[in-house]
Asker: 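Here it is, the structure, as structure tokens.
Below, chains carry the letters A, B, ... as their sequence lines are ordered, and counting in each starts from 1. Note that these values count all heavy atoms, side chains included, but never hydrogens, waters or copies made by symmetry.
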2 protein chains.
Amino acid sequence: MRRNFSTKRQAIYDMLVSRKDHPSAKQIYESLKPSYPDLSLGTVYRNISLFKQEGMADSVCTLKGEERLDGNKKPHAHLICTECGSITDVFFDRLDVIEDKGEMEGFLTERKVISFYGKCRNCR
Amino acid sequence: MRRNFSTKRQAIYDMLVSRKDHPSAKQIYESLKPSYPDLSLGTVYRNISLFKQEGMADSVCTLKGEERLDGNKKPHAHLICTECGSITDVFFDRLDVIEDKGEMEGFLTERKVISFYGKCRNCR
DNA sequence: CTCCAAATTAATAATCATTATCAATTTGCC
DNA sequence: GGCAAATTGATAATGATTATTAATTTGGAG
């Protein structure tokens, strides 16, 4: 079986896609550490950087100094709790409502971001 | 004449409100340094932090490791160039289209963010 | 299966934005 | 002017991210 990704790279990517809480590099590192005891934090950063470059993952926001990531490429918005740092997906029917505006002023839109910052149910 | 803000604090705030390019702390510091030779970078950070806390300014995004700020409280979106870091305001007529979704799941929305990431006219 | 060059990684140090500290200065008010 | 509280400058500390480099892993060829 041919594998395009190294073991570690695949594990990091899977974590990015399967987790719904939009983890930071450190959170991914800590999740994988038990299964990959020799994993290095630098490897997590390096691969995240690669995924972003390749358009396989996006930055959601930076909370408390940590960049939070998203491996889900299906268009959606986020509810971001500034208290506890939880991030929840919101799927719109009409995300396209704001489509046009990006093309103004000769700007080439590559990614559209809609986020709601506030307090989640537990923190409000 | 009563002044609520110290001289430096006022200058930092004015910079945040008048500049349309959403500067980082360092950029504000460098802009003010000629007029205030004894200004300290720590003071800029300290006051930005205060303004955010008081809801007088918001974080737009983090580009190349630097948080970019906005002192304009009028609802608007941003065109963010990931190449050169330029940020342009976009004013919507119907920013309210996406209003409802934030209140889902018991979430209390305090701030709504719409951003378009891509390449500006010069960089595309 | 073995060998090899290229890709990837672990470990570590270096960077760099941001925050904390604290003594000195400034501020508003009497 | 004088004083207590707020603010600041200078500096050190923190902490996330990036760079470096030698060692390891990878996939393909023989």
Asker: Without hydrogens or angle criteria, can the side chains of B:Glu67 and B:Thr62 be said to hold a donor-acceptor pair below 3.5 Å?
Answerer: no

Asker: Closer than 4.0 Å, any side-chain N/O of A:Thr7 to the OP1 or OP2 of D:dT26?
Answerer: yes

Asker: Taking B:Arg68 first and then B:Asp58, would you say they form a salt bridge - that is, a charged N and a carboxylate O separated by under 4.0 Å?
Answerer: no

Asker: Establish, from distance only, whether the side-chain atoms of B:Thr43 and B:Arg9 form a donor-acceptor pair under 3.5 Å.
Answerer: no

Asker: Does one side chain, of A:Lys119 or A:Thr82, offer a donor that lies under 3.5 Å from an acceptor on the other?
Answerer: yes

Asker: Give me the ring orientation class for B:Phe5 and B:Tyr13: parallel if the planes are under 30° apart, tilted from 30 to 60°, perpendicular past 60°.
Answerer: perpendicular

Asker: Would you say the side chain of B:Asp70 lies within less than 4.5 Å of the side chain of B:Asp89, judging by non-hydrogen atoms?
Answerer: yes

Asker: Separation of A:Phe5 atom CZ from C:dA7 atom C1', in whole Å?
Answerer: 13 Å

Asker: State which residues pass ring pair (Phe, Tyr, Trp, His ring centres under 6.0 Å) with A:Tyr117; sequence neighbours excluded, sorted by chain then number.
Answerer: none

Asker: From the options D:dT8, D:dA16, C:dT27, select the nucleotide whose nearest atom is closest to the side chain of B:Asn47.
Answerer: D:dT8

Asker: For DNA chain C, what residues of residues 48-64 of chain B have any heavy atom nearer than 4.0 Å?
Answerer: none

Asker: Heavy atoms from C-beta onward define the side chain here; which of C:dT18, C:dT9, D:dT7 lies closest to that of B:Ser6?
Answerer: D:dT7

Asker: Can you tell me how far P of C:dA7 sits from CD1 of A:Ile12, to the nearest Å?
Answerer: 18 Å

Asker: Quick check on contacts: within residues 26-46 of chain B, what sits under 4.0 Å from DNA chain C by heavy-atom distance?
Answerer: B:Lys26, B:Tyr45

Asker: What distance separates A:Arg121 CZ from B:Phe107 CZ, expressed to the nearest 0.5 Å?
Answerer: 11.5 Å

Asker: In whole Å, what is the span from the CZ atom of B:Arg9 to the C1' atom of C:dT25?
Answerer: 14 Å

Asker: Send over the distance from A:Gln10 CD to C:dT9 C1', rounded to a whole Å.
Answerer: 16 Å

